[in-house]
Amino acid sequence: MLLKRSTNRGYWWFLLPGLILFVLVIAIPFLMNIGTSFTHWQGVGTPKWAGLDNYARLFRDSTFWASFRNNLAMLVAMTIVPTLLGLLLAAVLYDYITNKFGSRTASFFRAAFYLPQILPVAIAGVVWAWILHPNYGALNGFLEALGLDNLTRNWLGNRQTALPSVMVIMVWFQLGYPLVIFMAGLQRIDPEIYEAAVLDGASWFDRFRYITVHLIRPEIFVVLLTTTIASLKVFGQIYVLTRGGPGSSTLVPSYFAYQNFFEKANIGYGSAISTVMTVIIIGLTIFFIRRQSAEEL
């Protein structure tokens, strides 16, 4: 027993570098951000203690709540829709495309769907801005070529179409990630389970519903957790595509915090926004982990 304890104690030294980096890069800046959120500060000079003023202002701020509603739309576009589509596409590629056309064809489609994940956000955003440009964009040009001139829009410059357009782009960005995770999960399922279901007369949808979805629940939890966190802190795509506009129609809390930090020099208020969103992310992470642990019992 003594030997076992001394052996286990030796592993902690390997965790020390990561722990030091965590403290320096995450823990200390986060605590400093919390402290700054209780002050009025423009980034220079001495911060003035403000107590809960920034948080009280935050919960009364209609712009913040508008950005939070837009973040819920991003949650749909980056978590719910990609997870559902990714699960369906993974099952089709694994069950149908692989069996009929071979694993290379399935791998090609998997790589094609995953490509947006490895493209730099700035490059992909600029390309989409060109596609949706009101004057020379490919989408409006395609609609005009079909004689559908009445459907052409300033897709990213109109309040009614800006957020749906960004949501479609975010689905394109995000779809490859759950697809790859789910296909990896499908590969660990014993093929004999599917064969037995076929012999019992189960349809493709029955196998998908009662076997596939049930057996890759761990992967589904991982995808839901990571994509939810990504949707709550999305920034790069909004910055490149719309800068939160027109007005606040595509504004999200992360970009709203950025505006207060760097454009308005309202560091205390920006810190309060960041703190609230971090607490939400931590709460959701704990919720997902507990749910996953309960499912495994």
Side-chain angles (χ1 to χ4, degrees), residues 29-43 47-83 121 125 153-171 173-174 224-288:
F30 179 55
L31 293 175
M32 292 175 62
N33 184 82
I34 294 176
T36 306
S37 69
F38 294 104
T39 67
H40 292 309
W41 189 38
Q42 294 183 335
K48 296 181 180 180
W49 180 256
L52 295 175
D53 287 356
N54 288 323
Y55 292 96
R57 174 187 170 187
L58 178 67
F59 290 108
R60 295 193 306 265
D61 192 343
S62 60
T63 303
F64 170 75
W65 288 111
S67 71
F68 195 78
R69 288 192 296 271
N70 293 338
N71 221 154
L72 295 179
M74 292 296 104
L75 183 66
V76 173
M78 296 182 66
T79 299
I80 298 176
V81 174
T83 299
V121 172
R153 298 285 188 278
N154 184 0
W155 299 99
L156 296 176
N158 187 297
R159 284 179 175 269
Q160 295 180 344
T161 59
L163 184 59
S165 299
V166 172
M167 290 176 67
V168 171
I169 295 171
M170 296 312 301
V171 171
F173 265 109
Q174 200 72 14
L224 288 175
L225 173 60
T226 52
T227 56
T228 298
I229 293 174
S231 67
L232 291 174
K233 62 185 186 68
V234 61
F235 173 82
Q237 294 88 343
I238 300 298
Y239 180 85
V240 174
L241 289 169
T242 63
R243 303 291 179 92
S248 60
S249 59
T250 60
L251 185 68
V252 291
S254 59
Y255 191 78
F256 188 38
Y258 166 84
Q259 286 182 324
N260 282 278
F261 272 116
F262 299 104
E263 295 179 5
K264 301 177 182 179
N266 195 344
I267 309 301
Y269 191 49
S271 298
I273 298 170
S274 301
T275 301
V276 168
M277 296 307 299
T278 303
V279 170
I280 292 174
I281 290 173
I282 292 174
L284 286 173
T285 302
I286 294 172
F287 169 77
F288 274 111

Scan the side chains in residues 64-76 for donor-acceptor partners under 3.5 Å anywhere in the protein, sequence neighbours excluded, and list what turns up.
{"unit_1": "Trp65", "atom_1": "NE1", "unit_2": "Phe59", "atom_2": "O", "d": "2.9"}
{"unit_1": "Ser67", "atom_1": "OG", "unit_2": "Phe64", "atom_2": "O", "d": "2.5"}
{"unit_1": "Asn70", "atom_1": "ND2", "unit_2": "Ala66", "atom_2": "O", "d": "3.3"}
{"unit_1": "Asn70", "atom_1": "ND2", "unit_2": "Ser248", "atom_2": "O", "d": "2.9"}
{"unit_1": "Asn70", "atom_1": "ND2", "unit_2": "Ser249", "atom_2": "O", "d": "3.3"}
{"unit_1": "Asn70", "atom_1": "ND2", "unit_2": "Leu251", "atom_2": "O", "d": "2.8"}
{"unit_1": "Asn71", "atom_1": "ND2", "unit_2": "Ser231", "atom_2": "O", "d": "2.6"}

Practice task
Measure the shortest side-chain to side-chain distance between Val171 and Met167 over non-hydrogen atoms and say whether it is less than 4.5 angstrom.
Solution key: no

Handout entry: Over all atoms of both residues, closest heavy-atom pair of Asp61 and Thr63
Key = OD1-N, 2.9 Å

Problem - Worked verdict on Met277 versus Leu232 for side-chain contact (heavy atoms from CB on, under 4.5 Å) - result: CA-CA 7 Å; Met277 296 307 299; Leu232 291 174; 4.2 Å; yes

Practice task
Sequence neighbours left out, what passes side chain to side chain donor-acceptor pair (under 3.5 Å) with Thr242? Give chain and number order.
Solution key: Thr250

Exercise for the section: Measure across Ser274 and Asn33 and return the closest heavy-atom pair with its distance rounded to 0.1 Å. Expected result: CB-ND2, 3.9 Å

Problem - Inter- and intrachain pairs under ring-ring contact (aromatic ring centres under 6.0 Å, His included), touching residues 236-255, at least two apart - result: Phe235-Tyr239, Phe235-Tyr255, Tyr239-Tyr258, Tyr255-Tyr258

Practice task
Looking only at non-hydrogen atoms, find the nearest pair between Gly43 and Ile267 and report the distance.
Solution key: N-CG1, 3.5 Å

Exercise for the section: Any chance you could measure Leu58, atom CG, to Asp53, atom CG, to the nearest 0.5 Å? Expected result: 12.5 Å

Problem - 4.5 Å side-chain heavy-atom contact, Leu284 and Ile229 - result: no

Handout entry: For the student: nearest non-hydrogen atoms of Asn54 and Ala272, plus distance
Key = CB-CB, 3.8 Å

Practice task
Answer yes or no: is there a side-chain heavy-atom contact under 4.5 Å between Val234 and Gln174?
Solution key: no

Exercise for the section: Supply the atom-to-atom distance Asn266 CG to Gln259 CD, rounded to the nearest 0.5 angstrom. Expected result: 11.5 Å

Exercise for the section: Can you see which heavy atom on Ile273 is nearest to which on Pro253, and at what distance? Expected result: CG2-O, 3.7 Å

Practice task
Under the ring-ring contact (aromatic ring centres under 6.0 Å, His included) rule, collect the residues that match up with Phe261, sequence neighbours excluded.
Solution key: none

Fill in the blank from the handout: By side chain to side chain donor-acceptor pair (under 3.5 Å), Thr79 pairs with (sequence neighbours left out) Thr227

Exercise for the section: Provide the closest heavy-atom pair for Leu156 versus Ala162 in the form atom of the first, atom of the second, distance. Expected result: O-CB, 3.9 Å

Exercise for the section: Rounded to the nearest 0.5 Å, what's the gap from OG1 on Thr275 to CG on Leu31? Could you check? Expected result: 10.0 Å

Exercise for the section: Output the distance between atom CD1 (Ile169) and atom CH2 (Trp155), rounded to the nearest 0.5 Å. Expected result: 11.5 Å

Practice task
Check side chain to side chain donor-acceptor pair (under 3.5 Å) between Thr226 and all other residues, then give those that pass, not counting sequence neighbours.
Solution key: Tyr177

